[in-house]
Student: 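Before I ask anything, let me first share the structure, which is written out below as structure tokens.
Just so it is clear, the model here is predicted, and its values are computed rather than measured. Throughout, residue positions are numbered sequentially from 1 according to the sequence presented. Whatever order the structure lists ligands and atoms in, that order sets their numbers, starting from 1. Both backbone and side-chain heavy atoms feed into the values below; hydrogens, waters and symmetry mates do not.
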Amino acid sequence: MSINYSERIPNNVSLSDDRRLQRALEAWQPGFLQWWSEMGPESFQSCDVYLRTATSTDAQGWATFGYVKMPDYRWGIFLADPDPDRRIAFGEHKGEPVWREVPGEHRGVLRRLIVTQGDTEPASVEQQRHLGKTCPSLYDLRNLFQVNVEEGRHLWAMVYLLHAYFGRDGREEAEGLLQRRSGNADNPRILGAFNEKTPDWLSYFMFAHFTDRDGKYQLASLAESGFDPLARTCRFMLTEEAHHLFVGESGVGRVVSRTCELMRAHNTFAVGEYGGIDLSIIQKYINFHYSVSLDLFGSELSTNAANYFSAGLKGRFKEADREDDHLLTGSSYSIQKPDHGTIIAAEQPALLALNEALRDSYIADCERALARWNKIIREAEVEFELKLPHRGFRRSIGEFAQVSVTPDGTIVAEEEWNRRKSEWIPTPTDREFVASLMKPMTDPGQFASWIAPPLRGINHQPLDFQFVTGLPGA
Ligand code: BYC
């Protein structure tokens, strides 16, 4: 479905047919732009950035690239095309036509899911706002800004739903999304990972890999929703999400690749003095970001998740492709949990274990990406293997929140864990070292010492393409 760019708010939902909604969103727009100018990428607002903009919500609609100043980016409301015959695929309403309006009895719960999703989007922009100043290349700078503007658009996606379907409390929640701030002690973002700092580019690539990947799984579950506007919104958001995951996975892969290159050239594991990041430090960053992201799936056993599912509000990953009854009332699911100093598997009602089932799909996906990083190491003939820590490692939410688990899955005393944590997660010295490498590299085609160039440029452009122009001080 093509997108109408002639209106103040680009959209493919015939916004001009609903004057009230259009006016409400136009009234929210200046607050959004104000938030962007205060909390969006610092120092780069007047640069021209080679960005892609959606022109329609089908696959061809992404082909449009051009220079845009970020504050002029056409944020708007884009939903995947409706399927007039779509039916609810799971839960108590399975088989019924999907809802085009909010079902009254689920109003509060749906609003909360939408607000939680919406809150992560501006949070990530806030977390990343200082990174531009230390970009490893123009290619990476442009990718960062692409991700940032699209997270801003994802905020619009959720705000549209709040304004269009939740009346006055929806409008209040939409305001709240512009008020909370990542890491703010008085008014923080809702979920833990979105209040952490993203101080350097290694953290950023890890975030885009591990935390954005939670986004992929949560959006895919919401894309199954019986509330059709939410499902259609999330389906289009997922097409944007794919690029964010690419930035994360390929970013970490390029750091690994450069480290291996330096290891071979200098015949040492300690590549710091040659401007690289040791594999052992990369491993600690993996441990940190993976464990923070696992918490985002919620508790292993959750009546909230069971209720979302039974009510038809939030499905499972690829719900429609699954060959079970889509009700789960009689089935069980195995979860891991601590039990008297060891970790055991326990059968639990599948309905209660939905968060864990989604986390399992996520873990399998992370394993696949990890294997690709390890392939880079193997092909460089370096003896080292990156690993994902145990799911119980460093958790703050769920069954493992009260125990101290090592990366290999052993429960130890809290005192021992604290004594040994410098082996597992980045120490202040590790972070300072990584920070010391973060010098901006803005000559076209040049890359910082700690990262390999990508295989190709964005949109088939050569690597020395001027992906961002008009840099501050240039
Ligand atoms: N931090 O029953 P439980 C993305 C709360 S990322 C703080 O297990 P539930 C993106 C929970 O609210 C995707 N609190 O929770 C990525 C509950 O509170 P109440 C974001 C937490 O509801 C990168 C209590 O603990 N989207 O898009 O089953 C860049 C009991 O928990 C946390 C979504 O998350 C936490 N980590 O599951 C940009 C989808 N976890 O009821 C963007 C929408 C739990 O006791 N959200 N709690 O007051 C959801 O589906 C669910 O809210 C959650 C939690 C899966 C997050």
Side-chain angles (χ1 to χ4, degrees), residues 106 108-129 131 144 146-158 161 173 177 180 182-183 188-196 198 203-225 227 230-231 233-234 237-238 240-245 247-248 289 291-311 313-317 335 348 351-359 361-362 394-401:
H106 302 313
V109 171
L110 251 183
R111 192 185 58 215
R112 192 178 142 155
L113 280 172
I114 292 168
V115 168
T116 307
Q117 176 63 49
D119 191 69
T120 64
E121 316 291 359
S124 67
V125 175
E126 292 165 5
Q127 288 170 298
Q128 295 161 17
R129 69 184 299 253
L131 288 172
L144 169 71
Q146 182 75 61
V147 170
N148 290 161
V149 293
E150 287 176 359
E151 301 299 11
R153 206 206 67 72
H154 288 183
L155 171 60
W156 270 94
M158 292 300 124
L161 294 175
E173 293 283 12
L177 288 168
R180 285 185 288 277
S182 174
R189 293 294 174 183
I190 296 171
L191 297 173
F194 294 90
N195 289 303
E196 299 281 350
T198 311
S203 302
Y204 168 64
F205 290 134
M206 294 285 173
F207 181 96
H209 180 74
F210 288 113
T211 307
D212 271 275
R213 195 170 302 274
D214 167 54
K216 166 181 162 184
Y217 283 85
Q218 298 295 345
L219 289 173
S221 305
L222 295 172
E224 302 285 344
S225 182
F227 177 48
L230 175 61
T233 302
C234 291
M237 289 164 77
L238 278 166
E240 293 167 313
E241 206 61 44
H243 175 65
H244 306 186
L245 295 176
V247 169
H289 287 272
S291 53
V292 166
S293 303
L294 285 184
D295 270 344
L296 290 171
F297 289 82
S299 313
E300 286 77 358
L301 298 175
S302 164
T303 49
N304 283 348
N307 292 338
Y308 303 151
F309 183 83
S310 298
L313 304 176
K314 182 180 176 190
R316 290 170 294 171
F317 187 63
I335 69 155
Q348 296 290 338
L351 254 187
L352 288 179
L354 283 164
N355 285 344
E356 188 64 356
L358 193 62
R359 186 163 23 236
S361 306
Y362 169 87
R394 209 174 151 271
R395 293 285 301 283
S396 305
I397 302 276
E399 298 284 334
F400 292 99

Student: In the protein, what heavy atom is nearest to atom 44 (C) of ligand 1, and what distance, to one decimal place, separates them?
Tutor: G298 CA, 4.0 Å
Student: Answer side chain, backbone, both or neither: which part of T116 comes under 4.0 Å from ligand 1, heavy atoms only.
Tutor: side chain
Student: Checking contacts now, so for atom 10 (C) of ligand 1, which I'm interested in, is there any protein heavy atom under 4.0 Å?
Tutor: yes
Student: One residue to check: H244. Relative to ligand 1, which of side chain, backbone, both or neither has a non-hydrogen atom less than 4.0 Å away?
Tutor: neither
Student: CG of N304 to NZ of K314: how many Å apart, nearest 0.5 Å?
Tutor: 9.5 Å
Student: To the nearest 0.5 Å, tell me how far D119 CG sits from I190 CD1.
Tutor: 4.0 Å
Student: In the protein, which heavy atom is nearest to atom 16 (C) of ligand 1, and how far is it?
Tutor: T211 O, 3.4 Å
Student: Could you go through M237 and E121, starting from their C-alpha distance and side-chain angles, then the distance that decides it, and tell me whether this counts as side-chain contact (heavy atoms from CB on, under 4.5 Å)?
Tutor: CA-CA 11 Å; M237 289 164 77; E121 316 291 359; 3.6 Å; yes
Student: Could you verify whether a donor N or O on one side chain and an acceptor N or O on the other, from E150 and H244, lie under 3.5 Å apart?
Tutor: yes
Student: Identify, by atom number and element, the atoms of ligand 1 in contact range of G192, meaning under 4.0 Å from any of its heavy atoms.
Tutor: 1 (N), 7 (C)
Student: Nearest 0.5 Å please: distance from the CG atom of N195 over to the CZ atom of R180.
Tutor: 10.5 Å
Student: Which ligand 1 atoms are under 4.0 Å away from a heavy-atom of K314?
Tutor: 49 (C), 50 (O), 55 (C)
Student: Suppose I only count heavy atoms of L296 and a 4.0 Å limit; which atoms of ligand 1 are within that range?
Tutor: 36 (N), 55 (C), 56 (C)
Student: Atom 36 (N) of ligand 1: which protein heavy atom is closest, and how many Å away?
Tutor: D295 O, 3.2 Å
Student: Starting from atom 8 (O) of ligand 1, find the nearest protein heavy-atom neighbour and note its residue, name and distance.
Tutor: S299 N, 2.6 Å
Student: Which of the numbered atoms in ligand 1 are below 4.0 angstrom from a heavy atom of E151?
Tutor: 29 (C), 38 (C)
Student: Do any N/O atoms on Q117 end up under 3.5 angstrom from N/O atoms on ligand 1?
Tutor: yes
Student: Assess Y217 for proximity to ligand 1: is some non-hydrogen atom of it under 4.0 Å away?
Tutor: no
Student: At a non-hydrogen distance cut-off of under 4.0 Å, which region of F194 contacts ligand 1 (side chain, backbone, both, or neither)?
Tutor: side chain
Student: Starting from atom 21 (C) of ligand 1, which protein heavy atom do you reach first, and at what distance in Å?
Tutor: I397 CD1, 3.7 Å
Student: Indicate, as side chain, backbone, both or neither, the part of S124 found under 4.0 angstrom from ligand 1 when only non-hydrogen atoms are considered.
Tutor: side chain
Student: Rounded to the nearest 0.5 Å, how far does CZ of F309 lie from OG of S302?
Tutor: 13.0 Å
Student: At less than 4.0 angstrom from any non-hydrogen atom of S302, what atoms of ligand 1 do you find?
Tutor: 2 (O), 3 (P), 8 (O), 9 (P), 28 (O)
Student: In Å and rounded to the nearest 0.5 Å, what is the CG to OG distance from L354 to S299?
Tutor: 12.5 Å
Student: Does some non-hydrogen atom of R112 fall short of 4.0 Å from ligand 1?
Tutor: yes
Student: Strictly inside 4.0 angstrom of atom 25 (O) of ligand 1, do you find any protein heavy atom?
Tutor: no
Student: Nearest to atom 15 (O) of ligand 1, what protein heavy atom do you find, and at what distance?
Tutor: N304 ND2, 3.9 Å
Student: A side-chain contact here means heavy atoms from C-beta on lying under 4.5 Å apart; do L296 and R359 qualify?
Tutor: no
Student: Taking atom OG of S225 and atom CD1 of I114, what is their separation to the nearest 0.5 Å?
Tutor: 8.0 Å
Student: Identify which of A123, G398, G215 has a heavy atom lying nearest to atom 4 (C) of ligand 1.
Tutor: G215
Student: Step by step, work out the side-chain contact (heavy atoms from CB on, under 4.5 Å) result for Y204 and V247.
Tutor: CA-CA 9 Å; Y204 168 64; V247 169; 3.8 Å; yes
Student: Within the structure provided, determine whether R189 and P122 are in side-chain contact (heavy-atom separation under 4.5 Å).
Tutor: yes
Student: Show the atoms of ligand 1 that are less than 4.0 angstrom away from any heavy atom in E121.
Tutor: 27 (O), 38 (C), 42 (C)
Student: Which word best sums up how the rings of F207 and F194 line up, parallel for under 30°, tilted for 30 to 60°, or perpendicular for over 60°?
Tutor: perpendicular
Student: If we ignore angles and hydrogens, is there a donor and acceptor under 3.5 Å between the side chains of H289 and E196?
Tutor: no
Student: Between D212, D214, N195, flag the one that comes closest to atom 13 (C) of ligand 1 by a heavy atom.
Tutor: D214
Student: In terms of atom number and element, which parts of ligand 1 are under 4.0 angstrom from non-hydrogen atoms of Y308?
Tutor: 22 (O)
Student: Near L113, which atoms of ligand 1 are under 4.0 Å from a heavy atom of that residue?
Tutor: 43 (C), 46 (N), 49 (C), 50 (O)
Student: Please walk me through it: do Y362 and L294 pass side-chain contact (heavy atoms from CB on, under 4.5 Å)?
Tutor: CA-CA 9 Å; Y362 169 87; L294 285 184; 3.7 Å; yes
Student: Is N355 touching ligand 1 with its side chain, its backbone, both, or neither, if touching means heavy atoms under 4.0 Å apart?
Tutor: side chain
Student: Between R395 and E300, is there a side-chain heavy-atom distance shorter than 4.5 Å?
Tutor: yes
